[in-house]
Amino acid sequence: DASVYTLLFEKFEQLNIGAVFYIGGNDSMDTADKLSRWAAHNNKEISFIGVPKTIDNDLPVTDHTPGYGSAARYVASTVREIVLDASVYQQPAVTIVELMGRHAGWVTAASSLARKFPGDNPLLIYMPEAPFEMEEFFSDLENALKQSTAVVVCVSEGIRDASGKFICEYSNDVGTDTFGHKMLTGSGKYLENLVKERLGVKVRSVELNVCQRCSSSMLSKTDQKEAIASGAYGVKAALNGASGKMVAFERLDGDDYQIDYVLKDVNVICNQEKCVPATWITADGSDVTEDFIRYARPLIQGEVTVPTEDGVPKFAYRK
């Protein structure tokens, strides 16, 4: 609707705004692209710069996105705690942890960082990139129970079968959100009920839900540093006249982890999704390879002391 753009740019001019920094993921980059193209078409001298921020880590043409490192650290730490809790039971037991990820398994893959030694839990990891076949799942689970009395399984909310149907759609509880996307909750609960019926062992499912993206308890120092730096790089780019660009990360070659900040055209980023490479997923689709570990481990490094007030995290707020 052109009237929306007209009104928006009138507000920009009234407020003397010369640059807009749009922070977010796929949908946000789409907005930055539309605004920059409208500005160029109508000779408006306002810069539009996309600054990436999504725990989903699914933006193309960037090594990773701010937010992912902290989410990965939270997932690895929380799954490790779940593994320790599960280990106390002497009877065969399965714990299914459902993690975020509609089409990309980056967050779920981070659960592999919880392992302390080869063969440690989580013994099975399933992501949307590999077709989820129910009979293979039960076979994997039975083999895992032979290895360990307590088995922890991590699954993405968006796991789907070979036909592309989400596993949670087999449940009757699936709705849609305001964007018309299917609300993919319940994969873990659905599998929990099936495992109870099929194997007759003790089973519980855990859904980490929004805590993966809003918790401040496990911030990665690397992630925080890169988030600040990418914002600063975006400001410099706007001051130099750039528009219709997104700040991207390029990982440098070498044993030590280093990245460069670069600009990429936002129109090749928006409405695209970067999935976990097939070569980083094991052939049977139930785990990640060492390539993913090498990629992700540097992103979760470093401690951040979160300011507190009366014993709880202190956040900026507006009454």
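FYI, the numbering just counts along the sequence from 1.
E157 places no side-chain N or O within 3.5 Å of a backbone atom of L99 that could act as its donor or acceptor partner. In terms of modelled atom types and a separation under 3.5 Å, the side chain of S47 and the main chain of A242 share a donor-acceptor contact. Proximity of a side-chain donor or acceptor of S36 to a complementary backbone N or O of D33 within less than 3.5 Å is detected. Put simply, the side chain of R73 gets close to the backbone of G302: a donor and an acceptor are under 3.5 Å apart. Looking at D63, its side chain never comes within 3.5 Å of a backbone N or O of E250 through a donor-acceptor pair. A distance-only check finds no donor-acceptor pair linking the side chain of S148 to the backbone of L145 [under 3.5 Å]. Within the 3.5 Å criterion, the main-chain N or O of L299 finds a donor-acceptor partner in the side chain of S220. Side-chain N or O atoms of D85 include none that pairs as donor or acceptor with a backbone N or O of E81 at under 3.5 Å. A donor-acceptor pair under 3.5 Å is absent between the side-chain atoms of Y261 and the main chain of Y233, judged by distance alone. Although no hydrogens or angles enter the test, the distance criterion places a donor-acceptor pair under 3.5 Å between the side chain of T65 and the main chain of T54.
Atom CD1 of I167 is separated from atom CG of L191 by 7.0 Å, given to the nearest 0.5 angstrom. Here CH2 of W38 is found 9.0 Å from CD1 of I46. Values are rounded to the nearest 0.5 Å. A distance of 10.0 Å separates OG of S286 from CZ of F132, quoted to the nearest 0.5 Å. Between the SG atom in C270 and the CG atom in D30 there is a gap of 5.0 Å [rounded to 0.5 Å]. A distance of 7.5 Å separates CG in L124 from CG in D287, rounded to the nearest 0.5 Å. Remark: I49 CD1 to L263 CG distance equals 6.0 Å, nearest 0.5 Å.
The environment of CZ in R204 is sparse: at most 12 heavy-atom neighbours from other residues, nucleotides or ligands sit within 6.0 Å. Heavy atoms of other residues, nucleotides or ligands lying less than 6.0 angstrom from NZ of K196 number more than 12. Within a 6.0 Å sphere centred on NZ of K236, heavy atoms belonging to other residues, nucleotides or ligands number 12 at most.
Hydrophobic clustering, with ILVMFWY side chains joined whenever heavy atoms are under 4.5 angstrom apart, keeps Y126 apart from V97. Transitive grouping of hydrophobic side chains (ILVMFWY, heavy atoms separated by less than 4.5 Å) keeps V151 and M127 in distinct clusters. Linking ILVMFWY side-chain heavy atoms closer than 4.5 Å, directly or via other members, places L123 and I281 in two distinct hydrophobic clusters. V201 is not connected to V83 by any chain of hydrophobic side-chain contacts under 4.5 Å among Ile, Leu, Val, Met, Phe, Trp and Tyr, and they are in different clusters. One hydrophobic cluster holds both M134 and V153 under the rule that ILVMFWY side chains link at heavy-atom gaps under 4.5 Å.
Identified under the salt bridge (Lys or Arg N to Asp or Glu O under 4.0 Å) test for residues 128-143, with sequence neighbours left out: E135-R198. Pairs of residues two or more places apart, or lying in two chains, that qualify as salt bridge (Lys or Arg N to Asp or Glu O under 4.0 Å) and include a residue from residues 5-21 are E13-K44.
Using the six-membered ring where Trp is involved, W280 and Y295 have ring planes that are tilted, between 30° and 60° apart.
Side-chain contact between S112 and I293 is present, with heavy atoms from C-beta onward closer than 4.5 Å. A 4.5 Å side-chain heavy-atom check between I55 and W106 finds every atom pair outside the cut-off. Proximity of S70 to M218: side-chain heavy atoms (C-beta onward) are nowhere separated by under 4.5 Å. A heavy-atom distance below 4.5 Å is not found between the side chains of V155 and T108. Using a 4.5 Å heavy-atom threshold, the side chains of L59 and M246 count as touching. With a 4.5 Å cut-off on side-chain heavy atoms, T222 and P298 do not count as touching. No side-chain heavy atom of V75 sits less than 4.5 Å from a side-chain heavy atom of M100. Between L35 and L8, some side-chain heavy-atom pair lies under the 4.5 Å cut-off.
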Please step through side-chain contact (heavy atoms from CB on, under 4.5 Å) for the pair L208 and E98, ending with a clear verdict.
CA-CA 7 Å; L208 298 195; E98 179 184 327; over 6 Å; no
Evaluate F137 against I159 for side-chain contact (heavy atoms from CB on, under 4.5 Å), listing each step before the verdict.
CA-CA 12 Å; F137 167 64; I159 50 172; over 6 Å; no
side-chain contact (heavy atoms from CB on, under 4.5 Å) between T31 and K34, intermediate numbers included
CA-CA 5 Å; T31 302; K34 288 174 179 175; 5.8 Å; no
Intermediate values then yes/no, side-chain contact (heavy atoms from CB on, under 4.5 Å), H64 and E226:
CA-CA 10 Å; H64 59 281; E226 292 176 350; 2.7 Å; yes
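Of all non-hydrogen atoms in K274 and N57, the two that sit nearest each other are CE-O, 3.4 Å. Closest heavy-atom contact between V247 and S230: CG2-O, 3.7 Å. Annotation for S216 and V306: closest pair O-CG2, 3.2 Å, computed over non-hydrogen atoms. Between D223 and P66 the shortest heavy-atom distance is OD1-CA, 3.4 Å. Residues L113 and A76 come closest through the heavy atom pair CB-CB, 3.7 Å. The heavy-atom pair separating T308 from G311 by the smallest distance is CB-C, 4.5 Å.
Classification of R297 and E290 as a salt-bridged pair fails, no side-chain N sitting under 4.0 Å from a carboxylate O.
When ring centroids are compared, Y22 and F48 stay outside the 6.0 Å threshold. Taking the ring centroids of Y257 and F249, they lie at or beyond the 6.0 Å cut-off.
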